[in-house]
Structures are given as structure tokens and as C-alpha cells.
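Below is one structure, written out as C-alpha cells; comments come after it.
Order of the sequence lines fixes the chain letters, A, B, ..., with proteins taken first and strands second; residue numbering starts at 1 for each chain. As the structure is a computational prediction, the values presented were derived from the model and not from experiment.
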Amino acid sequence: DAGITQSPRHKVTETGTPVTLRCHQTENHRYMYWYRQDPGHGLRLIHYSYGVKDTDKGEVSDGYSVSRSKTEDFLLTLESATSSQTSVYFCAISERERDTQYFGPGTRLTVL
Amino acid sequence: AQSVTQLGSHVSVSEGALVLLRCNYSSSVPPYLFWYVQYPNQGLQLLLKYTTGATLVKGINGFEAEFKKSETSFHLTKPSAHMSDAAEYFCAVSDRGGYNKLIFGAGTRLAVHP
């Protein structure tokens, strides 16, 4: 298994509070991704990173921001959580462009 | 824009029967194609992928898929289902240009009954 951990694994929070999810990898892969998984939608890309301090938006980036200050860590922040952001969030990594992506175990976030 | 359609959100088969999960994509050029499997409360695990070359791709756990350009399809098959195959399966495509952004289908939940 690829060395990817996500923290926390479960979180319940209230509407309007900031939330930060962390993805940590031990593979030294250049590319990192954040997806959300919702029933009937599969996985949708939120943001991705192609290097330290290099990030770009995915298809569902509104309400989310990311940061990558080190190769191994990719943070996803919900500035002010809303109930529509209740979801399961997955981090993924890949070594090269257009290479296979390997997924972390996921974080289940509930916004009340 | 690329899209992926998985026909059938739920598929049920008997143990030992053929498994066929359908995936069609829309893309202006042949993309890279992937099948992932997700077991309950786990992340996604790569089953197999097609990039170039042979159009019949073999993956883990006895699964295989065939890329058919004329039909824009990448259906997943397994000759004989096992109880342990019960999971959700996702087809995904990646454009050959630009960064490796995966576009996922909505998923197909496979149930295997005795």
C-alpha cells in the first residue's frame, strides 16, 4: 500500500466553523489531489498540487482552499463549513503526470 | 468536456457467475482509462489501467477490461464472481493532455449472492 495517511479520519463540526484536513505521504510523490465522494457522483476533484507551493483548482473548488508547504503534506481547508460540504474526502498521490493515482483511507466529515 | 458513464448503479450476480460492469466515456482523443475498487469504509484501490498498447488489460483479482475505441467503452469483466468481489467499482478517465485529472463515473455497487 502507498504510504498515505489522512487526519482526522472522522470529524463532526458545526456550520460556519473552519476545518482543516491533512494528507501526509511518505512516497515523495510530486502530485497530490483532494477529492470528495458523494453518492451518485463518484469522486470529484477539489484541488490538486503539482509541486511544493504549486496548486490549482479542480471542478468543485468553491469553498475550499489548499496549501502545500512540504512535499509530504497537502492540507485542505474549509474556511467556513457548510452542510453541503458533508462528504467523504480522499487524498491521492501520483509520481508522474498522468500516472496512476493512489488513494488514502479517507476522512468522513459531517457538518451540522 | 470529458465524461464517464457507468451503466447500472447496482449489479447483482450469483457466486460463480460472470461479472460485467459497463463503462463508456466521452473524449475527443483516446484517454487513459482506469478501474478502481472500493471496499466498505476504505479508500480506492487500482484494479487495472489502459494507457497504450494491448487493448485487453488484465488486472488484480482475476479482473480484466477491454478498450474498444469504436464503442468508446472500457467494460470490466471477471469470469467467475466470488463473494469477496462485493464492493463498489469506479471507472475513471484521464485526459492525455494536461495534468492527470481523473474524471470518475458515479460507480457501480456489485453484490454477490450465494
If you group Ile, Leu, Val, Met, Phe, Trp and Tyr by side-chain heavy-atom gaps below 4.5 Å, do [X] and [Y] land in one group?
{"X": "A:L75", "Y": "A:I46", "result": "no"}
{"X": "B:V37", "Y": "B:M83", "result": "yes"}
{"X": "B:L48", "Y": "B:Y39", "result": "yes"}
{"X": "A:V60", "Y": "A:L109", "result": "yes"}

Using a cut-off of under 4.5 Å for heavy-atom pairs, which of [options] has the most such pairs with chain B?
{"options": "A:G106, A:C91, A:P105", "result": "A:P105"}
{"options": "A:A92, A:G104, A:G40, A:G42", "result": "A:G42"}
{"options": "A:R9, A:Q37, A:R108", "result": "A:Q37"}

Q | Part of residues 5-14 of chain B lying next to chain A, heavy-atom separation under 4.5 Å | A | none
(Q) Using only non-hydrogen atoms and a strict under-4.5 angstrom cutoff, which residues of residues 55-65 of chain B touch chain A? (A) none
Q: Could you list all the disulfide (SG to SG under 2.5 Å) pairs where at least one residue sits in residues 35-80 of chain B, not counting sequence neighbours?
A: none
Q. Which pairs with one or both residues in residues 74-89 of chain B pass side chain to side chain donor-acceptor pair (under 3.5 Å), sequence neighbours excluded?
A. B:K78-B:D85, B:H82-B:S84, B:E88-B:R109
Q: Nearest 0.5 Å please: distance from the CZ atom of A:F103 over to the CD atom of B:Q45.
A: 12.0 Å
Q: Rounded to the nearest 0.5 Å, what's the gap from CD on B:Q38 to CZ on A:F90? Could you check?
A: 4.5 Å
Q: Identify the two heavy atoms, one from A:Y35 and one from B:L102, that lie closest to each other, and give their separation to 0.1 Å.
A: OH-CB, 3.5 Å
Q) What pair of heavy atoms forms the shortest contact from B:Y36 to A:Q101, and how long is it? A) OH-O, 2.7 Å
Q: Taking atom CD of A:E14 as the centre, report whether more than 12 heavy atoms of other residues, nucleotides or ligands fall under 6.0 Å from it.
A: no
**Q.** Side chain / backbone / both / neither for B:L46 at chain A, heavy atoms under 4.5 Å
**A.** side chain
